[in-house]
*Asks:* 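Got a structure here, written out as C-alpha cells. Questions coming.
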Amino acid sequence: MMQQLIMAGGTIVVGVFGCVAYFFAANLILDRIYPPRGPRAGPNIARASAIRPWLFLLPAILLLGIYLVYPVFVSIWLSLRDASGESFVGLANYEWLMNDGKFRESIRNNFLWLLVVPAASTFVGLIAAALTDRIAWGNFAKALIFMPMAISFVGASVIWKFIYDYRGEGREEIGLLNAVIEALGGTEQTWLAIPFWNNFFLMAVLIWIQTGFAMVILSAALRGIPEETVEAAILDGASPLQIFLKIKVPQIWGTIAVVWTTITILVLKVFDIVLAMTNGQWGTQVLANLMFDWMFRGNDAGRASAVALVIMILVTPIMIWNIVNARKETR
Amino acid sequence: MDNIAGTRSSLVWAVHLAVVALVLLWTVPTVGLLVSSFRDRDQIATSGWWAALFPAEERQVVRLAGAGDQRQEGDLWVIEGTLIDEGTLNRFGTSAREPFAHAAGETGTLANGGRVTVEADGRYRAEAPEPFAERGPRLFVAVETPPRFTTDNYDRVLFAEGIGRAFLNTMTVTIPATVIPILVAAFAAYALAWMEFPGRALLIAAVVGLLVVPLQLALIPLLQLHNAVGIGKDYLGIWLAHSAFGLPLAIYLLRNYMVGLPREIIESARVDGATDFQIFVRIILPLSFPALASFAIFQFLWTWNDLLVATVFLSNTPEQLVMTGVLRELLGSRGGDWEILAASAFVSIAVPIVVFFAMQRYLVRGLLAGSVK
C-alpha cells in the first residue's frame, strides 16, 4: 500500500519534471541549432519561431492523437469485424443492430433522455437562477443546489435508490417517495420496475445533478444583461414576469443554447446511472450502457464498436455546431 | 432595481418559499443518505431515515419472567425484573383488548388475578396469590427510544469492507491524472493563443471537436493498444488515459483565458528580448493561475467520480478497484445492505464535496470561461 502511494507520488514528480525538462531541453536545443545571434541571426530567428509552436504542442498532439483520434478510426474498423476482431463481416454488426430489440429500446430511451433531461435541467436551472438572484441568501441557496455536481453518478444512484426503495405492502416503507405517497393515501410502487415511466425516474437523477450547472451559468448570463433594457421595460410599465420572459430570456438565448447542448452531450455519454440503478432491466437500456454490456459481458468488440459509433454519429451535429461557433469567435 | 418596479411583498414571500422548496428538494436526498449511514442495519430496515431524527415510540409485546424467577413473600408470589434496555416506557397494558390502558407507574391486573406495576424505566413488580406459570404473563408496552446513531458502519467499511483501500486507489488514480495534463495543456494553450503559425485555426477547431468525442469510442481500441505495448491494466495506463481525455477541455479553457490576457504585457516582454519560453514561464503561467485552478478542480472531480474509465483500464482486484467500482459492486451483489452502501457512498462523496465547497469560486469561474461566450 505504501509502495502504491510512493509510486503515485513518483509519477507526479516524474511526469511534472519530465514535462518541464522536455519543454526546457527542446527550447534549449532549438536555440543551439538556430542561435538567435551572429551573422545569420535573422533567418535563424524566423526558422526557430516556425518550429517552436510545434515543440510546445507536440506532447498534447501526441496524447490527443493516440487517445482520442486514433480510436475513432480503429472503432470504425472494428465495427466491420466479428466479435474477436479476427475476420471481416462487412455491415453485419449494423444489420444486427437494426434488428436487435435492446438496441431499439436503447434508441427510444436515449431519445426520451435527450428530449427530457436537457430541457428540464435548463428550465429548472433558469427558474432557480432567476429566483436566487432576487434574495439575500441566494448564494447560499445556489451552493446547495449546485452541490450534486460534485457527487459521482454512482453515488447519486445510491442516494436515489434509497428514495425509490420499495418494501411491499404491510411493511413500513423506508424509501422517501413511497413513504410520501403512502402518507398522502396512495399505494406504494416499485418505481424502477414500472415499464416506460421508470425511465423518467432515472432521468430525475441526472436532472438533479445537472440543474446546478445550468443555474450557475444562466445566473451569470442574467446578471450580464445591460441594465438599460430592464430599466426601459420598467418605465414602460412591464410586470416582473413580463420583464423576465420578454426582456431577459431573449437576451440570453445564446447561453441557454450552450447549456442545452452541453447537457445533451452529457446525456448521450451517461451510463453510470442506468448501470447502477437498473442495469438496463425493465426497459431502461440506453446506448452507452448497451455498449458497455457488449464490451464486458458480451465480449463482442464488433457489436460494441458499432454501438459506440452510433453514439458518435448522434454527437456529430453538436460537434459541428460547436466548431462553427468557435470559429466565428476566433475570427 | 427590480424593487423600483414596486415588487409586492407577497411576491417576495413567494420567491423565498420557492427557493426554500428548491433547496429542500436538492438537499434532502443527500441528507437521507447521510442520516442512514449513521443508523444500524435493523433501524434502516424497519423505519425510514426521517424517523431517526425524532424519538420513536415502539410498541412491543413482551413476557415477564416465568415461574423460575418467582419468590414467595408472605402468601404472595412475586416476580421482579426489567422489561427494556433503553428508552422510556410510556404506557403498558395486560390485555390485547386494551393494550395500552395504563401509564407508567400505574398498576394493572393480570389474567391470573395478580397485579403488575411497571415503572417508566422498565422495572416491574408482579404479584399474585397463586404461583406463576412456567411462561411468564404477556404484557403490551409502548417504549419511546431517543434518536440513536452509530459510527459502526464507517468503522466497518473503512477497515473491513475494502473501502479504505479503494480510497487510496482512487487517490492514486486521481492526483497524477489531475497534475500531469495541466502542464501539457498549458504549453499547448499558449502556442494556440499567442504564437503565429500555419494551421493554428485548424488545431483550435480540432480541440473544440474533440471536446465532445464520446469516451465509449476510445475504450476498446485503447485497451487493445495498452495490451499490445505491455501496459496492460495498470495505473500507468489510466493516468495516460485520464490525462489525454482531460486535455481538450484543459486546452480549450486555458487558451480562452490566455487570449484574454493583455497584449501589451506580452509584446513589451518580447521587445525586451524575452523568448517565448521565458514569457510563458514568467508571465503567462502565473497570470493564468485562476484558469489552471478551475481546470484542476474539474479534472479532479471528473477523475474522482469516474467509473467508466476505471472499469476499463484497471483490473478488478483489491489493489486497483476504485471507490466508484466498489459502490457499483455493492449495489449489484449486496443491494440490500443499506448500512454498508450508505456509509461507503458517503466516504466516496465526502472528498469531492469538500473540494467543491472549498474551491467553488474557481469552479464557477471555469464553468463560465468554458461555456458563456
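The chains referred to below are lettered A, B, ... by the order of the sequence lines, with proteins before strands, and numbering in each begins at 1.
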*Asks:* Could you check which of A:Thr211, A:Val69, A:Leu268, A:Leu309 has the highest count of heavy-atom pairs closer than 4.5 Å to chain B?
*Replies:*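 Greatest number of close heavy-atom pairs with chain B: A:Thr211.
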*Asks:* Does B:Thr324 use its side chain to pair, donor to acceptor, with the backbone of A:Val154 at less than 3.5 Å?
*Replies:* no
*Asks:* Picking from B:Leu25, B:Leu183, B:Thr178, which has the most non-hydrogen pairs under 4.5 angstrom with chain A?
*Replies:*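 The answer is B:Leu183.
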*Asks:* Under 4.5 Å from any heavy atom of chain A, what part of B:Ser344 do you find: side chain, backbone, both or neither?
*Replies:* neither
*Asks:* Within a radius of less than 6.0 Å around CE of B:Met195, do more than 12 heavy atoms belonging to other residues, nucleotides or ligands occur?
*Replies:* yes
*Asks:* If you take all heavy atoms of A:Phe56 and B:Tyr190, which pair is closest and at what distance?
*Replies:*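 So the two residues come closest at CE2-CD2, 3.5 Å.
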*Asks:* Taking B:Ser348, B:Ala241, B:Ala206, B:Ala345 one by one, which has the highest count of heavy-atom pairs under 4.5 Å against chain A?
*Replies:* B:Ala241
*Asks:* Examine whether an atom of B:Val212 lies under 4.5 Å from a heavy atom of chain A, and if so say whether it belongs to the side chain, the backbone or both; otherwise answer neither.
*Replies:*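 Both the backbone and the side chain of B:Val212 come within 4.5 Å of chain A.
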*Asks:* Below 4.5 Å from any heavy atom of chain B, which atoms of A:Asn322 appear? Answer side chain, backbone, both or neither.
*Replies:* both
*Asks:* Working to the nearest 0.5 angstrom, can you tell me the gap between B:Ile220 CD1 and A:Met295 CE?
*Replies:*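 Here the interatomic distance stands at 5.0 Å.
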*Asks:* Against chain A, label B:Leu240 side chain, backbone, both or neither, depending on which of its atoms sit under 4.5 Å from a heavy atom there.
*Replies:*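 Both parts, backbone and side chain.
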*Asks:* Would you give the length of the straight line joining atom CZ of B:Phe187 to atom CG of A:Leu58, rounded to the nearest 0.5 angstrom?
*Replies:*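 One gets 12.5 Å once the value is rounded to the nearest 0.5 Å.
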*Asks:* Can you tell me which of B:Ala18, B:Ser243, B:Gly32, B:Pro214 forms the most heavy-atom pairs within a distance under 4.5 Å of chain A?
*Replies:*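 With the most close heavy-atom pairs to chain A, the winner is B:Pro214.
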*Asks:* Rounded to the nearest 0.5 Å, how far apart are CG of B:Leu34 and CD1 of A:Ile159?
*Replies:*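 One gets 9.5 Å once the value is rounded to the nearest 0.5 Å.
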*Asks:* Treating B:Asn305 as the side-chain partner and A:Phe153 as the backbone partner, does any N or O pair qualify as donor plus acceptor under 3.5 Å?
*Replies:* no
*Asks:* Quick check on A:Phe271 against chain B: is it the side chain, the backbone, both or neither that has a heavy atom closer than 4.5 Å?
*Replies:*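 A:Phe271 touches chain B through side-chain heavy atoms alone.
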*Asks:* Kindly give the heavy-atom pair with the smallest separation between A:Pro53 and B:Phe197, and that separation in Å.
*Replies:*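 Closest approach of A:Pro53 to B:Phe197: CB-CD2, 3.4 Å.
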*Asks:* May I ask you to check whether over 12 heavy atoms, not counting those of A:Phe24, lie within 6.0 Å of atom CZ?
*Replies:*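 No, because the 6.0 Å sphere around CZ of A:Phe24 holds 12 heavy atoms or fewer from other groups.
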*Asks:* Out of B:Leu236, B:Asn169, B:Val355, return the one with the most heavy atom pairs under 4.5 angstrom to chain A.
*Replies:*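 Heavy-atom pair counts peak at B:Asn169.
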*Asks:* Please flag which part of A:Met291 lies under 4.5 Å from any non-hydrogen atom of chain B: side chain, backbone, both or neither.
*Replies:* side chain
*Asks:* For A:Ser75 versus B:Pro221, what's the shortest heavy-atom pair and its separation?
*Replies:*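 It is OG-CG, 3.5 Å.
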*Asks:* Minimum heavy-atom separation for B:Ala191 and A:Leu57, please, with both atom names.
*Replies:*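 Residues B:Ala191 and A:Leu57, closest heavy atoms: CB-CG, 3.9 Å.
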*Asks:* With a 4.5 angstrom heavy-atom cut-off, is it the side chain or the backbone of A:Val307 that approaches chain B, or both, or neither?
*Replies:* neither
*Asks:* Could you tell me which of A:Trp137, A:Phe73, A:Trp54 has the largest number of non-hydrogen atom pairs under 4.5 Å with chain B?
*Replies:* A:Trp137
*Asks:* Taking every heavy-atom pair that is under 4.5 Å apart, which of A:Val74, A:Ile76, A:Val324, A:Leu131 has the most such pairs with chain B?
*Replies:* A:Leu131
*Asks:* I'd like to know which of A:Ser305, A:Ala276, A:Ala304, A:Ser79 tops the heavy-atom pair count under 4.5 Å against chain B.
*Replies:*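 Top option by heavy-atom pairs under 4.5 Å: A:Ala276.
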*Asks:* Checking heavy atoms, do the side chain of B:Trp239, its backbone, both or neither come under 4.5 Å from chain A?
*Replies:* side chain
*Asks:* Could you tell me which of A:Phe146, A:Phe292, A:Tyr22 has the largest number of non-hydrogen atom pairs under 4.5 Å with chain B?
*Replies:*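 Max contact count across the listed options: A:Phe146.
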*Asks:* Using non-hydrogen atoms and a 4.5 Å limit, figure out which bit of B:Val20 sits close to chain A: side chain, backbone, both or neither.
*Replies:*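 It is both, since atoms from each part get that close.
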*Asks:* Counting only heavy atoms closer than 4.5 Å, note whether B:Phe277 contacts chain A via side chain, backbone, both or neither.
*Replies:* both
*Asks:* Chain A heavy atoms under 4.5 Å from B:Leu308: which part of the residue, side chain, backbone, both or neither?
*Replies:* both
*Asks:* Might you point out which heavy atoms bring B:Trp26 and A:Ile145 nearest each other, and give the distance in Å?
*Replies:* CD1-O, 3.3 Å
*Asks:* Let me know if B:Ala205 has heavy atoms under 4.5 Å from chain A in its side chain, its backbone, both or neither.
*Replies:* both
*Asks:* Chain B: which of A:Ile151, A:Ile311, A:Asn178 shares the most heavy-atom pairs with it under 4.5 Å?
*Replies:* A:Ile151
*Asks:* Name the region of B:His242, side chain, backbone, both or neither, that has any atom closer than 4.5 Å to a heavy atom of chain A.
*Replies:*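 For B:His242, neither part sits under 4.5 Å from chain A.
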*Asks:* Among B:Leu211, B:Leu327, B:Leu217, B:Leu33, who wins on heavy-atom pairs under 4.5 Å with chain A?
*Replies:* B:Leu217
*Asks:* Mind ranking B:Leu301, B:Asp306, B:Ile180, B:Val15 by heavy-atom pairs under 4.5 Å with chain A and telling me who comes out on top?
*Replies:* B:Val15
*Asks:* Which heavy atom of A:Phe296 sits nearest a heavy atom of B:Thr311, and at what distance?
*Replies:* CZ-O, 3.7 Å
